[in-house]
**Student:** 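Provided herewith is a single structure, encoded as structure tokens, for subsequent inquiry.
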Amino acid sequence: MVEIPAIDLRLAGAGSAEETARLRDAETVKAYAERMHELIVDVAGKVAASLGLDGRSFQDWPCQFRMNRYNYTQDSVGSPGVQVHTDSGFLTVLQEDECVGGLEVLAPAAGEFVPVDPLPGSFVVNIGDVGQAGSNGRLHNVKHRVQCVAAVPRVSIAMFLLAPKHDTESAPEELVDDGHPRRFREFKYDDYRRLRLSTGERAGEALARLAA
Ligand SMILES: O=C(O)CCC(=O)C(=O)O
Ligand SMILES: [Fe+2]
């Protein structure tokens, strides 16, 4: 088994500490995380290439692998499973529960949340705050939430590609020109995470505090 040190495995809502530890050590979970890591590195490279940034490697970027289990009951139906937020990192690959819906994204023009119905055999890819800042605004972070739509357990699995390892985050010169002035100051991802937490601005609003 190849070790991927960049992966921080978290098991949210998994129940007891023993169950969490057992899942964390499970070979299937590790193998799944490795495959998802390969996928997210590949997708990120293609996204960068689409912006004209060829040959970028995301292999050593810190990632977080998280399995979410929502233990929904009759009482939770109609209430939020996850509040509206943006993901703070560069890019997320999400395996939605194939049976239970509930994921919704904000359509900015209409100002309305739109359900993302599960499509078996597919992943959802979304851009986070670092993706917006690092692309000088060419990519857009997406506000999303999870609503409880049925009184059955729901599971989702997410791989988050966060930010460059030690470097500060700033859009590369190739994406800055007269038509596209620099929009965000250079920042460290950890500082930005703290800013989101301390201000409670978890839906991308904190990016405005980094305006150039
Ligand atoms: O459970 C889901 O479908 C999405 C979860 C999510 O948005 C997150 O973990 O950031
Ligand atoms: Fe999210």
Side-chain angles (χ1 to χ4, degrees), residues 6-15 19-20 23-24 29 32-33 35-37 39-40 43-44 47 58 61-73 75-108 112-135 139-163 169 189-190 192-197 199-207:
I7 291 178
D8 166 16
L9 181 71
R10 281 206 203 171
L11 302 160
E19 187 186 8
T20 301
L23 280 173
R24 194 188 303 273
V29 172
Y32 194 89
R35 295 288 93 78
M36 259 185 126
H37 183 250
L39 178 66
I40 205 165
V43 171
V47 169
F58 296 85
W61 279 35
C63 289
Q64 192 178 79
F65 179 68
R66 190 192 302 157
M67 297 169 72
N68 301 304
R69 186 167 72 192
Y70 305 86
N71 294 320
Y72 291 146
T73 62
D75 289 344
S76 11
V77 177
S79 57
V82 178
Q83 300 282 357
V84 54
H85 66 283
T86 55
D87 296 341
S88 57
F90 179 72
L91 188 84
T92 305
V93 171
L94 178 75
Q95 164 94 70
E96 235 195 302
D97 194 306
E98 294 193 348
C99 306
V100 192
L103 177 66
E104 298 183 348
V105 299
L106 184 72
E112 282 171 9
F113 280 92
V114 180
V116 182
D117 293 330
L119 188 61
S122 72
F123 293 95
V124 174
V125 175
N126 69 269
I127 301 293
D129 296 351
V130 167
Q132 178 156 331
S135 66
L139 304 172
H140 294 270
N141 56 2
V142 59
K143 290 188 177 65
H144 55 287
R145 67 183 184 186
V146 182
Q147 291 292 100
C148 171
V149 292
V152 290
R154 178 180 185 276
V155 173
S156 66
I157 306 176
M159 179 65 84
F160 302 91
L161 183 70
L162 302 177
E169 179 57 42
Y189 177 66
D190 286 348
Y192 180 64
R193 284 295 301 271
R194 277 192 282 273
L195 188 63
R196 275 177 54 122
L197 288 175
T199 58
E201 296 173 344
R202 296 183 193 192
E205 311 89 333
L207 268 184

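First listed ligand is number 1; within each ligand, the first listed atom is number 1. Treat the numbers as computed from the prediction; the structure is a model and nothing was measured.
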**Student:** Between F58 and F90, is the ring centre distance below 6.0 Å?
**Tutor:**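 They qualify: ring centres under 6.0 Å apart.
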**Student:** At the 4.0 Å heavy-atom cut-off, does D87 count as touching ligand 1?
**Tutor:**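 The answer is yes: ligand 1 sits under 4.0 Å from a heavy atom of D87.
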**Student:** Please work out, at 4.0 Å between heavy atoms, whether the side chain, the backbone, both, or neither of D97 comes within that distance of ligand 1.
**Tutor:**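 None of D97 does.
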**Student:** Measure from the side-chain N and O atoms of S156 to the backbone N and O of E96, and report whether any donor-acceptor pair falls under 3.5 Å.
**Tutor:**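 No; zero donor-acceptor contacts below 3.5 Å.
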**Student:** Of the protein's non-hydrogen atoms, which lies at the shortest distance from atom 4 (C) of ligand 1, and what is that distance?
**Tutor:**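 The closest heavy atom on the protein side is V146 CG2, 3.6 Å.
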**Student:** So which bit of T92 gets within less than 4.0 Å of ligand 1, heavy atoms only: side chain, backbone, both or neither?
**Tutor:**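 The answer is neither; T92 stays 4.0 Å or more away.
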**Student:** Mark yes or no for whether Q147, through its side chain, and G81, through its backbone, hold a donor-acceptor pair below 3.5 Å.
**Tutor:**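 No: the side chain of Q147 does not pair with the backbone of G81.
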**Student:** Look only at the side chain of T199 and the backbone of E201, and say whether a donor-acceptor pair between them is shorter than 3.5 Å.
**Tutor:**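 The answer is yes, because a donor-acceptor pair under 3.5 Å joins these two groups.
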**Student:** Please check: side-chain N/O of Q95 versus main-chain N/O of F123, any donor-acceptor pairing under 3.5 Å?
**Tutor:**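 Checked: no pair found.
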**Student:** For D87, what is the atom name of its N, O or S atom nearest to the Fe ion (ligand 2)?
**Tutor:**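 Output for this pair reads OD1.
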**Student:** Keeping E205 on the side-chain end and A203 on the backbone end, is there a donor-acceptor pair under 3.5 Å?
**Tutor:**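 Checking the backbone N and O of A203 against the side chain of E205, a donor-acceptor pair under 3.5 Å is found.
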**Student:** Between the side chain of R202 and the main-chain N/O of H85, is any donor-acceptor distance below 3.5 Å?
**Tutor:**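 Here the side-chain-to-backbone pair does not exist.
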**Student:** Which atoms of ligand 1 have any heavy atom of H144 under 4.0 Å away?
**Tutor:**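 Going through ligand 1 atom by atom, the ones under 4.0 Å from H144 are 7 (O).
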**Student:** Are R154 and ligand 1 in contact, using a heavy-atom cut-off of under 4.0 Å?
**Tutor:**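 The answer is yes: ligand 1 sits under 4.0 Å from a heavy atom of R154.
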**Student:** Which protein heavy atom lies closest to atom 5 (C) of ligand 1, and at what distance to 0.1 Å?
**Tutor:**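 Ranking protein heavy atoms by distance from atom 5 (C) of ligand 1, first comes Y70 OH, 3.6 Å.
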**Student:** For A133 and L207, which heavy atoms make the closest approach, and how far apart are they?
**Tutor:**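 That closest heavy-atom pairing would be CB-CD2, 4.1 Å.
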**Student:** Among protein heavy atoms, which lies nearest atom 8 (C) of ligand 1, and at what distance?
**Tutor:**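 Of the protein heavy atoms, H85 NE2, 3.8 Å lies nearest.
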**Student:** Within the side chain of R154, is there an N or O that forms a donor-acceptor pair under 3.5 Å with the backbone of G101?
**Tutor:**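 Yes; at least one donor-acceptor contact below 3.5 Å.
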**Student:** Using a 4.0 Å cut-off to any heavy atom of N68, which atoms of ligand 1 qualify?
**Tutor:**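 Once the distances to N68 are compared, the set is 5 (C), 9 (O).
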**Student:** How does A158 reach ligand 1, if at all, at less than 4.0 Å between non-hydrogen atoms: by side chain, backbone, both, or neither?
**Tutor:**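 Neither; no heavy atom under 4.0 Å.
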**Student:** Please could you name the atoms of ligand 1 that S156 approaches to less than 4.0 Å, counting only its heavy atoms?
**Tutor:**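 In order of numbering, the contacting atoms are 1 (O), 2 (C), 3 (O).
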**Student:** Looking only at protein heavy atoms, which one is nearest to atom 9 (O) of ligand 1, and how far off is it?
**Tutor:**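 For atom 9 (O) of ligand 1, the nearest protein heavy atom is R66 NH1, 3.2 Å.
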**Student:** Between the side chain of D97 and the main-chain N/O of C99, is any donor-acceptor distance below 3.5 Å?
**Tutor:**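 Yes, because the side chain of D97 sits within donor-acceptor range (under 3.5 Å) of the backbone of C99.
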**Student:** With respect to the Fe ion (ligand 2), what is the nearest N, O or S atom of H144?
**Tutor:**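 The nearest such atom is NE2.
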**Student:** Please confirm whether E96 comes within less than 3.5 Å of ligand 1 when only nitrogen or oxygen atoms on both sides are compared.
**Tutor:**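 N/O-N/O distance under 3.5 Å: no.
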